[in-house]
Amino acid sequence: MIRTEEMLLNVGPQHPSTHGVFRLVIKIDGEVIKEATPVIGYLHRGTEKLAEDLQYTQIIPYTDRMDYLSAMTNNYVICHAVETMMNIQVPERAEYLRVLAMELGRVASHLVWWGTYLLDIGAVSPFLYAFREREMIINLLTELSGARLTFNYMRVGGVKWDAPEGWIEKVREFVPYMREQLKGYHQLVTGNEIFMKRVKGVGTYSKEEAINYSLSGANLRCTGVKWDLRKDEPYSIYDRFDFDVPVRTEGDAWARYECRMQEIVESLKIIEQAAAQFPAEGEIMAKVPKIIKAPKGEAYVRIESPRGEIGCYIASDGKKEPYRLKFRRPSFYNLQILPKLLKGENMANLITILGAIDIVLGEVDG
Amino acid sequence: MVEDLLASSPGLLNFGIFFLLATVLLLVILGFVTYAILAERKVMGFMQLRQGPNQVGGRWGLLQTVADVLKLLIKEDTIPKSADRPLFILAPVIAFAPAFMVVAVIPFTDKLQFADIGVGLLYYIAISGISTVGIVTGGWASNNKYALLGGMRAAAQMISYEIPLVMSVLGVILLAGSLNLNDIVDAQSSGWYILKQPIGFIIFLVASIAELNRTPFDLPEAESELVAGFHVEYSGFRWAFFMLSEYVYLFAMASLTTVLFLGGWGPLPFMDFIPGAVWFSLKFSLIVFLLIWVRVTLPRLRADQLMEFGWKVLLPVALANIFLTALLKELFNFM
C-alpha cells in the first residue's frame, strides 16, 4: 500500500526567486501546491513610525528605500502630499524634471522586472540585456541626483538639483534607442513558444477579484480595468501629455507581461514629449519656508508608481514633523492575492505567478 | 588495435597498455571538460554582453577552470547530519562513472577508438541511463525537500526522453544496418544522415538536450524554482563530480551526434586532405556551440509541459520517422 503525505516546504526567506527576503510556507502534494501562506516582515524598518520623529525633508531619503526600484515616484508622493497640504505651487521646470525622472524610473523599474521575470522562468540572457538599458537610465538619473538608486532628489516645492548641461539631449537620444532595443526584446522573448506556454493562462483572476483584492497597476489593468492615476486623476503635469493606458482583458501572467511592456512604450512617449516641451530655463524650487511645517489637518494623495497606486496620508498637528504618516504601498496590497492564486498550482507556476505580481520587498515590508 | 589486444593472451603488458590508454583518454576528456566550461562561460559572456573569465591565466582566463577545480578540491566536505550517508557518498560516483564509460565507444577518427564493440550505440544508450540513478539517489539521500523534488523530476524527465532518443536513432540504424558506430560513420560516406534523417536529427537533438539536463530542460536543477535541485546539499568535490559528469556527457553527446548525423570524421567532398580528427573536432565544436547557444537563448519548460512534449510530440514523430524511413528504404531503395 502506497502512503502519500503532504510536504511542508519553506520557499524563502532565502530563495533566488522571491526577490528579496520573502518567505512562503507552502504545503505541497507532489508538485501541486495545496496551501500557501506568505510570511512578510523580514525587511520591516518601520518607515512610518520613524517618520513621526523626522522633519518632512528628512523623510524623503526613507522613501527611497521603500520601493528601491523606482525611488523617484516615492520621493514624489511624499513631496506631493506636503505640497498639497501647504498649497505650494511647484515651478514649471521642476515639474518637468520630476516627470522625466519618474518616467525614466518607471522604464528602469519595468526593465528590472522584465529581466528578473525571465530569469525566474529560466532564460538567463534577457536579464543582462535589460540591465544594459537600465544602466543607461541609472546613469541619467545619477547625473541628475548624484545617486544610483536612492536618489533623494525631490524636495517639498521642487527638486534639489537642476539638470546638468546636455542632460536633456541625452534623454532625447535615449528614447529612440530604447524603442529600438524593445524590438529586440520582443524578438527574443515575446514570441518565444516556451515563454508563452509558461505564462499564458497562469495565475488568472477576474476583474471583480482584482478590485476586491485592491490590486492596482498592471495587476489591475491586465483584467480590463482602465485605471491609471496619471490619466484618471492627473497630478503634476501629466494632463499635458498624450499617452495611452495599456489594458488587457485576459487577467493572466501573459496579460500582465504585455501591459508592462506596453507601459514602457507609453512612458517613452511621455519622456519624449516632456523632453521636447522642457522649458529652457526657470526656477527649480518654489518659495518654501526654511522649516517646513504642514498646517494642522490631514491629506491623502495617490499617484501611479510602476507597481501600482502608491498613496501617502499625512496627519499633521502643525509641527515640523508629521503626527502620523501612512504609505499605501502597492506591492503590499498586490501581494494579498498570492495565496488565492497559488492554490492548486504547480510548483513551477509559483515562480511565474509571484514574479508576475512584481513585488519589491522593501515596499511590502515598509 | 584494440581488437588485437583483446584477442591476445592476458598479461601484464596488455594490462599496462589498457591502463595507459584509459588514463590518456581520461586526461583528454578532463582537458576537454576544463576548456568546455571555459568556452561555455566565454560564449555565454559574449552573448550576454559580459567578458566571462578574464583574470586567471591571461586575458582569456585559460586557467580559470583549473583554479575552480582546485578550490573545489580543498573545500570542506560537508555531509548533512540527517542525510543517508552511504548513499550520499555513492551518488556522485554513480552519476559520474557511466559518463566516462560511454566515451569508450565513440570513434573519434577511423583509428582512434577505444572499444569497437558491435552494439556500440546500444551500449551508449544503456550505460548513459545509469546516471539517472545517481541523480535520483543524490536527491533522495540529501534529505532535502528541494533535492527530492529535483531528483524526482530528473527521474521522470530522463525516462521520458530516453525513449524518443532511442526511437530517433532507430532511423539511422535502419539506414546503416548496424549498431556499430564505425559502420554508421562508414555508411555516411555517401551523405550525412542529417540530410537523410532530418526529422530524426531534430528529435535526437531535443531529446539529447533533455538528457543532458540543460536549458530549456534543466528542470531537475531549476535554479529559480528548486534552488539547485538534486545537488543542493552537495559541496566541494562531490558537487564537482555532478558537474563533471554533466560536462563529460556534453562531450559524449556532442560526439555521438557528430558520429550519428554529421558523418563522424568523414570530410566534406573534395576536402579529404584535411585529417579526420580535424573534421571531427570541427563538427563536434559546432554541436557544443549550438548547445551553449540554446542554453543562453531559451527559458525553461514546466514539468508537465515537458512530459507532454516528450510523450505527445517527440515520441509519435519519432515513430512516424521510423515508419517513413523503413518505407522509403524498402520500397524505393532510396537511401
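Per chain, numbering begins at 1; letters A, B, ... match sequence-line order. From a predicted model like this one, the values you see are computed outputs, not experimental measurements.
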Peer 1: How about A:Lys27: does its NZ atom have over 12 heavy atoms from other parts shown lying under 6.0 Å from it?
Peer 2: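 Count not over threshold, so no.
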Peer 1: Given a strict heavy-atom distance threshold of 4.5 Å, which part of A:Leu350 is in contact with chain B: side chain, backbone, both, or neither?
Peer 2: neither
Peer 1: Using atom types as modelled and distance alone, determine if a side-chain donor or acceptor of A:Ser125 lies under 3.5 Å from a backbone N or O of B:Val296.
Peer 2: yes
Peer 1: Within a radius of less than 6.0 Å around CZ of B:Phe46, do more than 12 heavy atoms belonging to other residues, nucleotides or ligands occur?
Peer 2: no
Peer 1: Would you compute the distance between atom CE of A:Met7 and atom CG of B:Leu149 and round it to the nearest 0.5 angstrom?
Peer 2: 4.0 Å
Peer 1: Mark yes when over 12 heavy atoms from residues, nucleotides or ligands other than A:Glu193 sit less than 6.0 Å from its CD; otherwise mark no.
Peer 2: no
Peer 1: Could you tell me whether the side chain of A:Val124 reaches within less than 4.5 Å of the side chain of B:Met44, counting heavy atoms only?
Peer 2: yes
Peer 1: Side chains of B:Tyr146 and A:Val11: closer than 4.5 Å at any heavy-atom pair?
Peer 2: yes
Peer 1: When rounded to the nearest 0.5 angstrom, what distance separates OH in A:Tyr129 from CD in B:Gln48?
Peer 2: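 The OH atom of A:Tyr129 sits 6.5 Å away from the CD atom of B:Gln48.
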Peer 1: Check for a donor-acceptor pair, side chain of A:Arg198 on one end and backbone N or O of B:Arg300 on the other, with a separation under 3.5 Å.
Peer 2: yes
Peer 1: If we ignore angles and hydrogens, is there a donor and acceptor under 3.5 Å between the side chains of B:Arg302 and A:Asn346?
Peer 2: no
Peer 1: Starting at CZ of B:Phe309, measure out to CD1 of A:Ile194 and round the result to the nearest 0.5 Å.
Peer 2: 8.0 Å
Peer 1: Between atom CZ of B:Arg50 and atom CG of A:Leu128, what is the distance when rounded to the nearest 0.5 Å?
Peer 2: 6.0 Å
Peer 1: To the nearest 0.5 Å, how far apart are CG in B:Leu298 and CG in A:Leu118?
Peer 2: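 Interatomic distance, B:Leu298 CG to A:Leu118 CG, rounded to 0.5 Å: 11.0 Å.
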Peer 1: Is any side-chain heavy atom of A:Asn192 less than 4.5 Å from a side-chain heavy atom of B:Pro299?
Peer 2: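 In contact.
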Peer 1: Is chain B contacted by the side chain of A:Val202, its backbone, both, or neither, given a heavy-atom distance below 4.5 Å?
Peer 2: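 Just the side chain, heavy atoms under 4.5 Å.
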Peer 1: Ignoring hydrogens and angles, tell me if any N or O in the side chain of B:Gln305 forms a donor-acceptor pair with the backbone of A:Lys197 under 3.5 Å.
Peer 2: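 Yes: the side chain of B:Gln305 pairs with the backbone of A:Lys197.
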Peer 1: Under 4.5 Å from any heavy atom of chain A, what part of B:Arg295 do you find: side chain, backbone, both or neither?
Peer 2: backbone
Peer 1: Take atom CD in A:Glu6; do more than 12 heavy atoms of anything else shown fall under 6.0 Å from it?
Peer 2: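 It does: A:Glu6 CD has more than 12 such atoms within range.
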Peer 1: Around A:Lys343, counting heavy atoms of other residues, nucleotides and ligands shown, do more than 12 lie under 6.0 Å from its NZ?
Peer 2: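 No, not enclosed.
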